[in-house]
Amino acid sequence: MKESLMDIRLFFGLTMIENNLTNTIDHLFRNEYGKVVAVLTNKFGISHLEQIEDVAQDTFLKAMQVWGYKSVPDNPTAWLYRVANNALIDVLRRGKKMDFLDDKHLNNNGEVSPEREVSLDDTISDSQLKMIFACCHPSLSEEYQVVLSLKLIGGFSNKELAEALLKKEETVAKSFTRAKKKFRQEVQFLQIPVQMGLQSRLFKVLRIIYLLFTEGYAATTGSSVLKRDICYEALRLALLLKENQYCKHPNLVALIALMCFHASRFDARLNEQGELVTLEHQDRSKYNQELVRIGIRHLESSGTEDKLPSSYHLEAARSYYHCVAKTFQKTDWKSILYLYDLQLRSQYSPMLALNQIVPYAKVHGAEKGLKALEELEEKTNFKNSGLFYAIKAELLLETNNKDESTLKKAIELTENELVRKHLKKKLPGI
């Protein structure tokens with residue numbers, strides 16, 4: 001069964017709030033900015049990227065002004081594209097840079113022909129695929145690939161990008177400027193690479209999509225722990241890749257499964273007051289069972305052809321066990337621990353080892369969990385990790401050791417406001 005993008009959109013509940021203009025614009029910017037930039041870049045060329053960014057941003061400002069007096073149009077995407085396209089044409093005409101323009105897309109007034117809006121969805125899909133592969137061009141450094149992708153495709157602000165990459169805003173801004181310059185120099189136009197070139201970049205593209213989803217699912221800083229629009233955009237891009245015959249790789253299918261499983265728990269992660277709800281206390285009746293079923297279908301069809309499973313396979317499988325457990329107590333922690341062990345053998349990372357402590361303690365007990373945590377601490381410096389102290393505080397609590405200093409250290413090092421508020425509730429007297 002093939003899931004359409006609209007089906008996924010409905011599962012996420014991303015219908016616009018038309019009676020709240022600010023929410024509508026914010027939602028549209030997150031979902032449509034990358035689309036508008038991709039379509040215009042595909043049409044007018046990478047050399048005009050600066051002007052394209054300017055008109056795209058101006059178009060969203062104009063939308064706030066115009067829609068403040070009028071209702072939101074039936075097809076806001078087409079409105080945004082048409083206004084941005086016509087504004088860019090004016091800019092290029094004033095700069096006398098219109099010699100290359102393909103006039104078959106314009107009417108006698110130099111505007112987008114109405115019939116072009118009919119195929120706009122296909123144009124967006126094609127353009128975004130080209131853009132994401134262009135951002136992962138092999139001539140660009142890994143840092144530039146990430147910065148360009150998250151800015152141009154994900155619509156990240158400098159602040160959001162700084163939070164995701166754990167860098168200063170000023171550093172991110174400078175990096176983006178340098179990345180765009182290199183982008184214009186090395187990537188002359190957008191195109192989907194031929195078979196071999198496409199497949200060689202696929203793993204980089206998957207990593208970008210994974211980073212997009214991860215930042216949306218567990219925001220490292222800020223006042224929100226969950227940014228659904230970013231998660232939706234990551235899943236949408238993955239589904240677009242799946243439609244390309246040369247991208248049908250087991251890792252892509254496993255990544256889609258992983259995102260579906262995680263997304264199925266969205267409604268249970270926050271309570272009615274907007275506060276964080278941990279896995280142990282989540283209302284599992286709120287899990288989106290349709291997304292769970294879609295995730296299972298993808299995981300079952302993501303065979304690795306006798307090769308070792310990827311990190312996407314292993315993480316998706318762990319998330320599967322959380323989704324299907326009837327209660328927190330009935331979670332199959334032994335299988336989850338085994339999956340962590342597999343991944344650590346093939347792709348060790350200190351943070352993965354730290355996360356493994358939780359299922360290890362569930363299987364072997366809190367005291368052994370604390371001992372394993374201490375052994376891990378001897379090999380890795382976690383002095384700046386809020387997660388390390390949060391896990392340690394929880395294990396100490398389970399062993400009846402009320403060490404407030406450890407919990408206070410976790411609160412001090414945690415940057416996300418919702419997570420910090422959740423940890424503070426565990427302090428005595430609060």
Side-chain angles (χ1 to χ4, degrees), residues 210 213-214 217-218 225-226 231 250-251 253-266 268-269 276-289 291-304 307-377 380 382 385 387-388 390-395 397-399 419:
Y210 177 79
F213 188 89
T214 300
Y217 185 75
V225 76
L226 176 62
C231 294
N251 288 14
V253 182
L255 178 57
I256 293 174
L258 163 62
M259 292 189 286
C260 285
F261 287 139
H262 281 351
S264 71
R265 306 202 301 267
F266 277 176
R269 292 188 66 207
L276 179 65
V277 180
T278 59
L279 187 62
E280 181 178 3
H281 299 102
Q282 286 176 5
D283 180 355
R284 292 171 185 248
S285 68
K286 293 183 177 180
Y287 287 4
N288 189 313
Q289 294 304 314
L291 275 176
V292 173
R293 284 190 286 271
I294 293 173
I296 291 173
R297 284 198 292 269
H298 280 81
L299 186 58
E300 289 177 342
S301 64
S302 65
T304 56
K307 296 180 181 179
L308 290 175
S310 69
S311 59
Y312 304 124
H313 287 86
L314 297 173
E315 190 172 340
R318 293 198 299 268
S319 188
Y320 159 79
Y321 283 116
H322 287 303
C323 288
V324 299
K326 297 299 182 183
T327 65
F328 181 78
Q329 290 72 23
K330 292 182 179 180
T331 303
D332 189 348
W333 292 110
K334 288 185 178 180
S335 293
I336 292 174
L337 180 59
Y338 172 72
L339 292 166
Y340 269 109
D341 287 339
L342 280 180
Q343 189 170 351
L344 284 167
R345 286 179 213 160
S346 62
Q347 188 183 3
Y348 181 87
S349 81
M351 290 307 295
L352 186 66
L354 178 60
N355 279 289
Q356 185 209 28
I357 296 295
V358 175
Y360 182 87
K362 295 298 180 185
V363 173
H364 299 291
E367 288 188 2
K368 288 187 176 181
L370 270 173
K371 185 177 180 180
L373 187 64
E374 291 169 359
E375 292 173 355
L376 180 61
E377 187 180 12
T380 307
F382 288 110
S385 170
L387 177 61
F388 170 82
I391 292 175
K392 185 176 181 179
E394 187 65 29
L395 292 177
L397 186 62
E398 290 182 22
T399 56
V419 178

Quick check for you: to the nearest 0.5 Å, what is the distance between [X] atom [atom1] and [Y] atom [atom2]?
| X | Y | atom1 | atom2 | value |
| --- | --- | --- | --- | --- |
| Lys371 | Leu376 | NZ | CG | 14.5 Å |
| Met259 | Tyr312 | CE | OH | 9.5 Å |
| Leu344 | Leu337 | CG | CG | 9.5 Å |
| Arg318 | Leu258 | CZ | CG | 9.0 Å |
| Ile391 | Leu395 | CD1 | CG | 7.5 Å |
| Leu314 | Gln343 | CG | CD | 5.0 Å |

Under 3.5 Å, side-chain donor or acceptor atoms of residues 351-370 against the rest of the protein: list the pairs with distances, not counting sequence neighbours.
from   : atom 1 : to     : atom 2 : distance (Å)
Asn355 : ND2    : Met351 : O      : 2.9
Gln356 : NE2    : Asp341 : OD1    : 2.4

Can you name the nearest heavy-atom pair linking [X] to [Y], along with the distance?
| X | Y | result |
| --- | --- | --- |
| Ala254 | Ala316 | O-CB, 3.8 Å |
| Phe213 | Ala263 | CZ-N, 4.2 Å |
| Ser302 | His313 | O-NE2, 2.6 Å |
| Ser264 | Cys323 | OG-SG, 3.4 Å |

Q) How far apart are the C-alpha atoms of Asn288 and Phe266, what are their side-chain angles, what is the distance that settles it, and do they pass the side-chain contact (heavy atoms from CB on, under 4.5 Å) test? A) CA-CA 8 Å; Asn288 189 313; Phe266 277 176; over 6 Å; no
Q) So do the side chains of Leu279 and Gln282 get within less than 4.5 Å of each other, counting heavy atoms only? A)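 A side-chain contact exists here, since the closest heavy-atom pair is under 4.5 Å.
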Q. If we only count heavy atoms from C-beta on, is the Phe388 to Thr380 side-chain gap below 4.5 Å?
A.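 In short, these two side chains do not touch, never coming nearer than 4.5 Å.
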Q: Spell out, as yes or no, whether a donor-acceptor pair under 3.5 Å connects the side chain of Glu377 to the backbone of Phe382.
A: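 Pair absent, no side-chain N/O of Glu377 close to backbone of Phe382.
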List the residues meeting side chain to side chain donor-acceptor pair (under 3.5 Å) with [X], not counting sequence neighbours, and say none if there are none.
| X | answer |
| --- | --- |
| Ser335 | Asp332 |
| Ser319 | His262, Arg265 |
| Arg284 | none |
| Thr278 | His281 |

Q: Would you list the pairs meeting ring pair (Phe, Tyr, Trp, His ring centres under 6.0 Å) in which at least one residue belongs to residues 332-358, sequence neighbours left out?
A: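 For residues 332-358, and leaving out neighbouring residues, the ring pair (Phe, Tyr, Trp, His ring centres under 6.0 Å) pairs sorted by first residue read His322-Trp333, Phe328-Trp333.
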Q: Please report the C-alpha distance between Phe261 and Glu315 in whole Å, then the side-chain angles of each, then the deciding distance to 0.1 Å, and finally whether the side-chain contact (heavy atoms from CB on, under 4.5 Å) criterion is met.
A: CA-CA 10 Å; Phe261 287 139; Glu315 190 172 340; over 6 Å; no
Q: I would like to know whether Tyr321 and Leu339 meet side-chain contact (heavy atoms from CB on, under 4.5 Å); could you show each step before the answer?
A: CA-CA 11 Å; Tyr321 283 116; Leu339 292 166; 3.8 Å; yes
